[in-house]
Amino acid sequence: MVEVVLKNGTIREYKEGTALLDIAKDISPRLAKEAIAAKVNNELTDLTSNLNENAEVEFVDFNTEEGQEVFRHSTAHVMAQAVKRLYPEVKLAIGPSIENGFYYDFDLSQSFSLQDLEKIEEEINKIIKEDYSFDKYVLPRDEALDKFKNMGEDYKVELINEMPLGEIISCYKQGEFEDLCAGPHVPSTGRLKAVKLLSVAGAYWRGNEHNKMLQRIYGTSFPKKTHLEEYLHRLEEAKRRDHRKLGPELNLFSMHEEAPGFPFFHHKGIVVWNNLENFWREEHLKKGYQEIRTPIALSRQLWEKSGHWYHYKENMYFTNIDDNEYAIKPMNCPGGMLTYKSNLHSYRELPIRMGELGLVHRHELSGVLHGLMRVRCFTQDDAHLYMLPSQVKDEIIGVINLVDYFYKTFGFDYHVELSTKPEKAMGSDEIWEMATNALIDALNTNGVNYKVNEGDGAFYGPKIDFHLRDCLDRTWQCGTIQLDFQMPQKFDLTYIGEDGEKHRPVMVHRTIFGSIERFIGILTEHFAGAFPTWLAPVQATILPITDRHQSYARELSEKLFDMGIRAEVDDRNEKINYKIREAQTQKIPYMLVVGDKEVEDATVSVRHRSRGDLGARPVNEFIECLKEEINKKAIESSC
RNA sequence: GCCGGCGUAGCUCAGUGGUAGAGCAACGCACUCGUAAUGCGUAGGUCAGGGGUUCAAGUCCCCUCGCCGGCUCCA
C-alpha cells in the first residue's frame, strides 16, 4: 500500500501502482471529471500515471494556471493530429500552450486559409469524439532519433539532437498520432470539449529571422462550450476598446497614409497629453528633477562618440546640413551628456536628475507599427540621473517608487522585467555583472517580483522594464530604468570629488510613461475612452433644453471656464435626447441639463456618463465638487 | 523586413465582368422639445495608386502603398 496525503491534509491508502485518475474517482466522481492533471510531490504528472510510493497529491483542474496549460497543450496536440490527417506531408515544429490558448507551428508548402482552419476544426472535433487516450512512453535517444527521422519530422530530430545527453525522451500517442513531448496531458482527447482556431500567422523557426518561416495556427480551448463563447464574446468587447478605433472616434488623434507611424494629435488628444505633461512636471519637480530640452538633429560625430552609429544605425534617420551629416536623435542621452558637460559639477550636487520630454525618431520595421503603441516618432519622458556609485541603489529605488506612484494614479496593474547583457553590447562582463546586480539589489529591496529576459538589455547597459497591458492583453513596455556605465566614459563625464580630483559619475536613463504616445494608447484602452475627469478632453457639456435656455447655458459655461473646468455648450437645435446620446458616445463625464427649472432655481441637472441622471444641484455646489474631483485626479467620479 | 489577410462616401457596410448603393454623420428647412437617435430634403466617389486582360473591370491578373493578425525587433 502507498500513503497519499491530499492537499487538505487527509491521508488515504491505495494499492501500490494505482493510477492517479482512479484515486481521483475514489475521492469523488466530480473530481475525476474535472481534474486535468495531478501534482505528485509538487511535480505535474499525467492522471494516467501510477502512484508507486507515498506522496503528497494535488489534483489540478481548469481553474488553475497549470490545468489550463495542460489542457491547451493537449489541444495543440490534437490540432497537430488533425492537420496531419488533412495534410500528411506537413512537418511539425512546436506547439506550446500560451496565455489564453495555444499554437502549433507547421511547415507546409501550401498556406492555410480561413476555410482550411474550419476544416481543421471539424477534424479536431472528430478526434475529440473518437476519444483517444493520451499514452506516454519513453525511449532511448537513438531510437527516438530513428523514429522521427523515419517519420520525416526534421524539426523534431533537431529538437532531440539538442536535448542534453542524459535527458529522458518521452513521446505521447493518441490514436494514430505520435509526438515528441515532455507532457503531461489530459487523459484522453474526449476531455477537450470546446475548441476554436483563431488565426494563422507566419513565425520563424525558433524565433530566428534567418530561419525558415513556418505557419503558426493560434487557437483556444475550454472544458465547456459556454466558457468558450464567453471568451470569444470578451474578445469582441475588447476590440471595442481598441485605441486605434476609439482615438479617431473621440477625435484624439489620426493616422495618415502620408506619414505611416507618425501620429497626428488633434486638440482633444493634446488636452490629454498636456494633462499628462503637467502631472509629470509637478511630480518631477517635487522629486528634485531639473528639466532640459535638447535638439532633434545632432552631428554624426556625436553619434559615433556615443556608439549609436555602430550599434543603432539601422534604426536611425539621417540628414545633411551644410554638407555635414546629421542624425535625427533616436534617443535623448547624447544630447543630455552634452548638457551635463556644459557645467563643472561637484560631488555636492549629486545626484543630478535631469529630465527631458524628448521627441525621438526611430526607423521601425513597417510590419511592427501599431497605432500609438508602436510608432516611428515618440516623446519619451526621459531623465538622466548622474550619481556617485554609493547613490545607485537609492536612486533606482526612487525611480521604482515613482513609477509605482504614477501607475497607481491611473489604476494600472503592471509587471516588471529585468533584461541582461545582449550579444551586441559595449563594455566588459564585469561591468555588466556589477550593473545587473545593482538593479537586482534594488528590486529585491523593494520586494518587486520580476521576470528575467536574458540578453535583452540595451547595448550600453542592463535594464528594468515596466510593462502595461492593452485591451487584448498584449503587453507594452512603458517605464524603464537603464544603468549605463558606458556613456559617462565615452563622454568623459566627471564630477569634482571631496578630494578635489575628477571622478566618473554613474548614470541611469529612465522613463515613467515610456512614450507619451504609447501611454495615451494604453490609457485610452484601459478606460475604454472614458477618461477620468481630470484627463477628459471635455469635462462637462451643458445641454440647454431649448433656445431660451442658451444664455443661462453660456453663463454657466463661462463660470466653469473661469474655474479652469473644460466645458462646452451644445446649443444645436436638437432634442435633449439627441444631445445626451452624443455626449454619451463622446464619453464626456458630466452632462449638465438646463431648462426652465434650472434657470429659475440657479441649479444644474447633473447626468454622469455611467451613473446616469443624478438630479438637480445648486450650480456652485456642483462646481466645487467637480473641482475637487479634478484636483484629486480621482479615477471614480463622485459629483 | 518576413508570412497571411484586407482596402467601395467622414464612419459601418452592400455590390455574381454590363448605368456605383444603403444606414449613420454632414449641410438646408420645419419642429422649441426634460435624460441614449424628430421629420423632410440636399450634397457627397479617381471603388487605395499604377499597369494589364476584356467590346466592357469595383469585380479577373501583376506591381506599389497603406492597414489588420502574427514573427523578428522595441518606448
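Order of the sequence lines fixes the chain letters, A, B, ..., with proteins taken first and strands second; residue numbering starts at 1 for each chain.
With hydrogens and angles left out, the side chain of A:S605 and the base of B:G34 share a donor-acceptor pair within 3.5 Å. A donor-acceptor contact under 3.5 Å is formed by the side chain of A:R374 with the base of B:C73. Contact annotation: side chain of A:N573 to base of B:U32, donor-acceptor pair present below 3.5 Å. One cannot find a donor-acceptor pair under 3.5 Å joining the base of B:G70 and the side-chain atoms of A:Y204. Between the side chain of A:E257 and the base of B:G7, no donor-acceptor pair under 3.5 Å is found. Residue-to-nucleotide contacts include a donor-acceptor pair under 3.5 Å from the side chain of A:R607 to the base of B:A36. Side chain A:D105 to base B:C3: no donor-acceptor pair is found below 3.5 Å.
The aromatic rings of A:F112 and A:Y87 stand perpendicular to each other, their planes meeting at an angle above 60°, with 30° marking the opposite boundary.
Pairing for B:C13 is with B:G21, a Watson-Crick or G-U wobble pair whose two hydrogen-bonding atom distances lie under 3.5 Å. Across the strands present, B:U54 finds no partner; the criterion is a Watson-Crick or G-U wobble pair with both atom distances under 3.5 angstrom. Across all strands shown, B:C71 forms a Watson-Crick or G-U wobble pair with B:G1, both key distances being under 3.5 Å. Pairing for B:C29 is with B:G39, a Watson-Crick or G-U wobble pair whose two hydrogen-bonding atom distances lie under 3.5 Å. As the counterpart of B:G45, no nucleotide is assigned, since no Watson-Crick or G-U wobble pattern has both distances under 3.5 Å. For B:G7, the paired base is B:C65 (Watson-Crick or G-U wobble, both distances below 3.5 Å). Across all strands shown, B:U59 forms no Watson-Crick or G-U wobble pair with both distances under 3.5 Å.
A salt bridge is defined here as a Lys NZ or Arg NE, NH1 or NH2 lying under 4.0 Å from an Asp or Glu carboxylate O, and A:R548 with A:D596 meets this definition. In this structure, A:D242 does not pair ionically with A:K239, as no charged nitrogen and carboxylate oxygen lie closer than 4.0 Å.
The aromatic ring of A:Y578 does not stack onto the base of B:A36, failing the criterion of a centre distance under 5.5 Å from the six-membered base ring together with planes under 30° apart.
Summarising the geometry, the separation between NZ on A:K245 and C1' on B:C68 is reported as 13 Å, rounded to the nearest angstrom. One atom, CZ of A:R581, and another, C1' of B:U38, lie 14 Å apart when rounded to the nearest Å. Rounding to whole angstrom units, NE2 of residue A:H308 and C1' of B:C74 are separated by 14 Å. The interatomic distance linking A:Q215 (CD) with B:G5 (P) rounds to 10 Å, in whole Å. Protein atom CG of A:D596 is 8 Å distant from nucleotide atom P of B:C33, rounded to whole Å. Here the P atom of nucleotide B:U72 and the CD atom of A:Q477 are 16 Å apart, to the nearest Å. If you take CZ of A:R572 and C1' of B:A25, they are 11 Å apart, rounded to a whole angstrom. Put simply, CD on A:E236 is 13 Å from P on B:G69, counting in whole angstrom units.
Within the 4.0 angstrom heavy-atom criterion, no nucleotide atom of any strand lies near A:H256. A:R216 comes within 4.0 angstrom of sugar-phosphate atoms only, judged by non-hydrogen atoms across all strands, and of no base.
Toward the 5′ end of RNA chain B lies the nearest nucleotide of A:S113, the other residue of the pair A:A201 and A:S113 mapping further downstream.
Nearest nucleotide to the side chain of A:N577, out of B:U35, B:U38, B:A75: B:U35.
In this structure, A:R216 forms a cation-pi arrangement with A:Y103, its terminal cationic atom sitting closer than 6.0 Å to the ring centre and no more than 45° off the ring axis.
Around CD of A:E162, the count of heavy atoms belonging to other residues, nucleotides or ligands within 6.0 Å exceeds 12.
Proximity of A:H467 to the phosphate of B:A75: no side-chain N or O atom is located under 4.0 Å from OP1 or OP2.
A donor-acceptor contact closer than 3.5 angstrom is absent between the side chains of A:K597 and A:S605.
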